[in-house]
Peer 1: 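Here's a structure for you.
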There are 2 protein chains.
Amino acid sequence: MGTRDKILTQATAHLKEVGLARLSLRQIAVSVGIKAPSIYEHFRSKEEIIDAIRENAAQSLTLQMTEAALARESPEDSLIQAGVAYVLYAITEQETFQVFFQLMRTKRRTLTEKVSEDSPYSVISGLFVEYFKDRGKTISQEKIEELSYGYWSLIHGAAVLRTTFLKGFKADFEQADTNNFHRFLLGSLEVI
Amino acid sequence: MGTRDKILTQATAHLKEVGLARLSLRQIAVSVGIKAPSIYEHFRSKEEIIDAIRENAAQSLTLQMTEAALARESPEDSLIQAGVAYVLYAITEQETFQVFFQLMRTKRRTLTEKVSEDSPYSVISGLFVEYFKDRGKTISQEKIEELSYGYWSLIHGAAVLRTTFLKGFKADFEQADTNNFHRFLLGSLEVI
DNA sequence: CAGCTCACCCTAACACTGTTAGGGTTTATT
DNA sequence: AATAAACCCTAACAGTGTTAGGGTGAGCTG
């Protein structure tokens, strides 16, 4: 394993331990076995290291969503399970998720541009197409995007609330999330 | 205006200008006209200043939601307008909103404890009670909480996505949000 | 083989951060 | 008149990301 990979590995490990706010280049350097300035031989800045972590997180999250959606009874169930997986990832990989959502930006700037693959959004919109195909309803690309954005808002909001405001709050969130995701999907069929 | 209030005012102003990451006590002190260590006569730490800003933000956000919900055609419209106001606050007061959602925690720890007033959540749950009363449906307190949590997830998710991932993305989000909020509320009536 | 380049590491230092120690001055109270 | 508290100060500590500039070894080229 090259030094660059070591830095990335140790940075990720430290992130999970101490959180984004206390992530220190000098500490990472100690773990790798080099001095802090040597990091700059492999990355242009601390920001660039975090970018790389974020990239990995996005890939990992997308994978877990995709796997959760596989082999379900119905497209609706796939959408719900993908949502549950999203929230689960946020809770189990809290610090990584924080990095993911805090600074990530789409390169896509308008609806006419192509959706980049391997993003949570593309998983959702793909499943929505299946969802309407399954119900025998035709739907415009625009509405698919609107619904995907809405559903993403819902699951992302649940993920963020659980890891911030509601951290430490005791309740059966899994059931509540499943019910709420179902509610949105039901409403999607009515309002087109 | 006392020094404590000056510090708070300048801290809020600086927050909006440079963002949370670059908020500096020495810069705040310059604006106030004192030296940095003197801040510690009025606040125990930087964290305590941010706590105070967050308190103000929560109050202001709650107020805007309440006002947006007033004098609407129906409780459903009130819920939607409260949601729109939430997202609007997030966009216009981006840095303040970031402080608000990033570290805020409920003091409430279980469903049996009382909901604190003057919080966005209490506004939502209050409007949900009206919503079901208006429709002539009876609903348990538990379900009100579940729905309020779900609706909050939706509007919070929309707010966060708009200010992070989707910053710079051009689309008619206002219309999309309104439609999506409507979808969730419609689904709420079906699945109880 | 000698000379050169380049990747990779180093130390020293800069400009910043939140925070603490300790001293001075003014104001109000005993 | 003495004391206490509120409030400001300077100096300094321990930490941060980052840059400047120097050394060392591997590998390529004449």
Side-chain angles (χ1 to χ4, degrees), chain A residues 1-57 94-105 164, chain B residues 1-57 94-105 164:
Chain A
M1 190 159 66
T3 307
R4 200 194 133 94
D5 288 333
K6 273 188 196 167
I7 293 169
L8 221 50
T9 305
Q10 291 303 323
T12 308
H14 273 73
L15 174 69
K16 287 177 189 173
E17 270 179 40
V18 303
L20 181 58
R22 286 182 185 163
L23 189 65
S24 153
L25 289 187
R26 280 178 175 83
Q27 284 299 317
I28 294 169
V30 168
S31 300
V32 175
I34 57 176
K35 303 294 171 183
S38 297
I39 291 177
Y40 286 79
E41 297 288 334
H42 306 277
F43 295 92
R44 254 191 290 269
S45 65
K46 186 186 183 182
E47 188 66 27
E48 203 173 271
I49 298 176
I50 295 171
D51 284 346
I53 294 175
R54 186 165 31 241
E55 208 76 18
N56 290 344
Q94 240 174 90
E95 300 297 346
T96 316
F97 180 74
Q98 197 193 345
V99 165
F100 172 65
F101 87 82
Q102 217 173 90
L103 296 138
M104 191 84 164
R105 298 277 151 79
T164 56
Chain B
M1 189 157 68
T3 307
R4 200 194 132 97
D5 287 333
K6 275 188 198 166
I7 293 168
L8 221 52
T9 305
Q10 290 303 324
T12 308
H14 274 73
L15 174 70
K16 287 176 188 173
E17 269 179 40
V18 303
L20 181 57
R22 286 182 187 165
L23 188 65
S24 152
L25 290 187
R26 280 179 174 82
Q27 283 299 317
I28 294 168
V30 167
S31 300
V32 174
I34 58 176
K35 303 294 170 184
S38 298
I39 290 177
Y40 287 79
E41 297 290 335
H42 306 276
F43 296 91
R44 255 191 289 271
S45 64
K46 184 184 183 183
E47 187 67 27
E48 204 174 90
I49 298 177
I50 294 171
D51 284 345
I53 294 175
R54 184 162 37 238
E55 207 75 20
N56 290 344
Q94 240 173 91
E95 301 296 345
T96 316
F97 181 74
Q98 197 191 345
V99 164
F100 171 65
F101 87 81
Q102 216 172 93
L103 297 136
M104 190 86 165
R105 297 278 151 80
T164 56

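Letters A, B, ... mirror the listed sequences (proteins, then strands); counts begin at 1.
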Peer 1: Rounding to an integer number of Å, can you tell me how far B/Ile50 CD1 sits from C/dG18 P?
Peer 2: 9 Å
Peer 1: I'd like to check the ring pair (Phe, Tyr, Trp, His ring centres under 6.0 Å) partners of B/Phe43; sequence neighbours left out, ordered by chain and number.
Peer 2: none
Peer 1: Between C/dA15 atom C1' and B/Gln27 atom CD, what is the distance in whole Å?
Peer 2: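 Whole-Å distance recorded here is 13 Å.
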Peer 1: Just checking B/Leu23: base, sugar-phosphate only, or nothing, at a heavy-atom cut-off of under 4.0 Å?
Peer 2: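 Counting heavy atoms under 4.0 Å across all strands, the contact made by B/Leu23 is with sugar-phosphate only.
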Peer 1: Atom CD in B/Glu55, atom CZ in B/Phe100: separation rounded to 0.5 Å?
Peer 2: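 Taking CD in B/Glu55 and CZ in B/Phe100, the distance rounds to 10.0 Å.
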Peer 1: Using five base pairs at each end, measure the axis-to-axis angle across the helix from C/dC1-D/dG30 to C/dT30-D/dA1 and round it to 10 degrees.
Peer 2: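 End-to-end axis angle for the helix from C/dC1-D/dG30 to C/dT30-D/dA1: 20°, rounded to 10°.
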Peer 1: Taking CZ from A/Arg4 and C1' from C/dA7, how many angstroms apart are they, rounded to a whole number?
Peer 2: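 Those two atoms, CZ and C1', are 15 Å apart.
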Peer 1: Taking side chain to side chain donor-acceptor pair (under 3.5 Å) as the definition, give me every residue that meets it alongside B/Gln94, ordered by chain and number, with sequence neighbours left out.
Peer 2: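 If we apply the side chain to side chain donor-acceptor pair (under 3.5 Å) test to B/Gln94, skipping adjacent residues, the hits are B/Lys167.
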Peer 1: Whole angstroms only, please: what is the CD1-C1' distance between A/Ile39 and C/dC9?
Peer 2: 12 Å
Peer 1: Under 3.5 Å, which donor-acceptor pairs link side chains of residues 27-42 of chain A to any protein atom two or more places apart or in another chain?
Peer 2:
| unit_1 | atom_1 | unit_2 | atom_2 | d |
| --- | --- | --- | --- | --- |
| A/Ser31 | OG | A/His14 | NE2 | 3.3 |
| A/Ser31 | OG | A/Gln27 | O | 3.3 |

Peer 1: Hey, what are the protein-to-nucleotides 24-27 of chain D N/O distances that come in under 3.5 Å?
Peer 2:
none

Peer 1: Measuring from the side chain of B/Tyr40 (C-beta onward, heavy atoms only), which nucleotide among D/dG17, C/dT17, C/dG18 has the closest atom?
Peer 2: C/dG18
Peer 1: Atom OG1 of A/Thr9 and atom CD1 of A/Ile53: how far apart are they, to the nearest 0.5 Å?
Peer 2: 9.5 Å
Peer 1: Rounded off to whole Å, could you give me the NZ-to-P distance for the A/Lys46 and C/dT17 pair?
Peer 2: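 In whole Å, C/dT17 P and A/Lys46 NZ are 15 Å from each other.
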Peer 1: Quickly work out the A/Leu20 CG to D/dT16 P distance and round it to whole Å.
Peer 2: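 Distance check: A/Leu20 CG to D/dT16 P gives 14 Å.
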Peer 1: Check side chain to side chain donor-acceptor pair (under 3.5 Å) between B/Asp5 and all other residues, then give those that pass, not counting sequence neighbours.
Peer 2: none
Peer 1: Working to the nearest 0.5 Å, report the span between CD1 of A/Ile50 and CG of A/Leu8.
Peer 2: 11.0 Å
Peer 1: Going by the side-chain hydrogen bond (donor to acceptor under 3.5 Å, both in side chains) test, which pairs reach into residues 15-26 of chain B, not counting sequence neighbours?
Peer 2: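 Residue pairs passing side-chain hydrogen bond (donor to acceptor under 3.5 Å, both in side chains), neighbours aside: B/Lys16-B/Glu93.
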Peer 1: Just by protein heavy atoms under 4.0 Å, how would nucleotides 3-15 of chain D read 5' to 3' in B, S and -?
Peer 2: ----BBBBBB---
Peer 1: Could I get the full list of side chain to side chain donor-acceptor pair (under 3.5 Å) partners for A/Asn56, not counting sequence neighbours?
Peer 2: none
Peer 1: Rounded to whole Å, how long is the line connecting atom CZ of B/Arg22 with atom C1' of C/dC16?
Peer 2: 12 Å
Peer 1: Is there a side-chain contact between B/Ile49 and B/Leu23 in this structure, where contact means two heavy atoms from C-beta onward sitting under 4.5 Å apart?
Peer 2: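 Answer no - side chains too far apart.
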Peer 1: Less than 4.5 Å apart, any side-chain heavy atom of B/Ile7 and any of B/Arg4?
Peer 2: no
